[in-house]
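Note on naming: letters A, B, ... go to the chains in the order of the sequence lines (proteins, then strands), and numbering restarts at 1 for each one. Model, not experiment: these values are computed from the prediction.
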Protein chains: 2
Amino acid sequence: MTASAARTEPRPSPRKRAGNGAARRTDADEIGLDALVGHAGYAVRRFQIWIFQDFIKTLGEVDIRPTQYSVLTVIGANPGLSQMAVAKRLGIERARLVHLLDSLEQRKLVKRIKSKADRRSHALHLTAPGETALAKFKRLAAEHERHVVEKIGKENRELLLQILAGFT
Amino acid sequence: MTASAARTEPRPSPRKRAGNGAARRTDADEIGLDALVGHAGYAVRRFQIWIFQDFIKTLGEVDIRPTQYSVLTVIGANPGLSQMAVAKRLGIERARLVHLLDSLEQRKLVKRIKSKADRRSHALHLTAPGETALAKFKRLAAEHERHVVEKIGKENRELLLQILAGFT
DNA sequence: GACAATTGTTGTCGTCAACAACAATCTTTC
DNA sequence: GAAAGATTGTTGTTGACGACAACAATTGTC
């Protein structure tokens, strides 16, 4: 991870206003964003939408969405976790996780096992088919990740991961 | 914008599995993410949630959400745009923009003016109070942006903007 | 043993992306 | 210049998702 990455276009012309009122520039996408350029949130939002769309499309053949993938990955790496623990780790609300697990359990990828230590909680495990399915999901996710590299470049992707490492 | 930014923690211990089955590590957040670390989408998603929450909170006193702010900004910088043009520029669906504008028009920040050139479309303008309100929104948005700098650092924020410039 | 906290669950609400359909209005094409 | 097709704004539906609130069962604490 050297430096010297992170250059793209030479900036899309700062433009302010457009002079005449009802001009005829609505057709092209030559519309100034003004203050929006320079807002990290806007750029991040647009990128996040793009990246999720690509993920959903790339994992479309197996019908797995990003959140489902994150749940399966965490359970696969930490078998026996409670729902509360998974929810907290992924920043999902436990109410939301209930539905996610309902769906994944119906598809026989995950099973909830009543914990004997704490009879309130469920120990989450992948099923046998769940394990093999997750392996395939990971291959497809790696393909998606290659799309990201094609889009922003290898170095920029790694920079991004470093910058945002504190949020994972 | 030199280089040498983008370092954070020395990585949170790669850990794989945890050995024993129903261990007692559900309480702390020392849970491995396995394949999730290394996925740009996951990091971006978490960051985007954080940044939106801060934006919503910082602009809470004026009750303006990120999407509303982006719409106002674009209209303010390009008066007379049609709804279609704004939607296309911001990557919003025109169906969604209808409700956004309904709300902003009720609050007297924006007005739809029937275009004489194309009687199907509306020319969008800020009202007088809309102009002054937007000025205040921009000040608050700048404050939010300072929070981002506090969180990830000045250099990393600029790196981020450069990396993602192609998506704006 | 009484009381507070936790876990999974159910439900509601609001935001948002993705579609589909429609009437009014251009634009194209013959 | 009339018919066919495309565009604009609108309405509606669906589903994923975050945020809350409430609840029963269970555990922990004092």
Could you state the atom-to-atom distance from [atom1] of [X] to [atom2] of [N] in whole Å?
X	N	atom1	atom2	result
B:I56	D:dC20	CD1	C1'	15 Å
B:R65	C:dA17	CZ	P	11 Å
B:W50	D:dC17	CH2	C1'	21 Å
B:Q68	C:dT15	CD	P	8 Å
A:Q48	C:dT15	CD	P	18 Å
A:Y42	C:dC16	OH	P	14 Å
B:D102	D:dG9	CG	C1'	11 Å
A:D63	D:dA16	CG	P	9 Å

Please determine which of B:H125, B:H122, B:Q83 meets the side chain to side chain donor-acceptor pair (under 3.5 Å) test together with B:R112.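 Only match with B:R112 under side chain to side chain donor-acceptor pair (under 3.5 Å): B:Q83.
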On DNA chain D, compare the nucleotides closest to A:P66 and B:H99; which residue's is nearer the 5' end?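 The residue closer to the strand's 5' end, by nearest nucleotide, is B:H99.
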Closest-nucleotide 5' rank along DNA chain D - winner of B:A95 and B:Q53: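 Upstream on the strand: B:A95.
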With a 3.5 Å cut-off and heavy atoms only, can you find an N or O donor on one side and an acceptor on the other between the side chain of B:R94 and the base of D:dG9?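 Indeed, a donor on one side and an acceptor on the other fall under 3.5 Å apart.
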Is it the case that the base of D:dT26 and the side chain of A:R119 share a donor-acceptor contact (distance under 3.5 Å, atom types as modelled)?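 Flag unset: no donor-acceptor pair detected.
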Which nucleotide in the list [options] gets nearest to the side chain of [X]?
X	options	result
A:M84	C:dG8, C:dT9, D:dT11	C:dG8
B:H122	C:dC26, C:dC16, D:dT10	D:dT10
B:E93	D:dG18, C:dA17, D:dT11	C:dA17

So does [X] get a side-chain nitrogen or oxygen closer than 4.0 Å to the phosphate oxygens (OP1/OP2) of [N]?
X	N	value
B:Q83	D:dT10	yes
B:T67	C:dC16	yes
A:R96	D:dA16	no

Is the terminal nitrogen or CZ of B:R45 (NZ for Lys, CZ for Arg) located under 6.0 angstrom from the six-membered ring centre of A:F52 and within 45° of that ring's axis?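 Yes.
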Considering heavy-atom distances to DNA chain C, does A:R120 or A:R45 have its closest nucleotide positioned more toward the 5' end?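 Nearest nucleotide further toward 5': that of A:R120.
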Can you work out whether A:I49 or A:S121 has the more 5'-proximal nearest nucleotide on DNA chain C?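 Checking each residue's closest nucleotide, the 5'-ward one belongs to A:S121.
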Between B:E158 and B:K154, is the closest basic N to carboxylate O distance under 4.0 Å?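 A salt bridge links B:K154 with B:E158.
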I'd like to know whether the aromatic ring centres of B:H39 and A:Y69 sit less than 6.0 Å apart in this structure.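 Yes - the distance between ring centres of B:H39 and A:Y69 falls below the 6.0 Å cut-off.
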Answer with yes or no whether the side chains of B:R46 and B:Y42 bring together a donor and an acceptor at under 3.5 Å.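 Yes, because at least one side-chain N or O of B:Y42 sits under 3.5 Å from a partner of the opposite role on B:R46.
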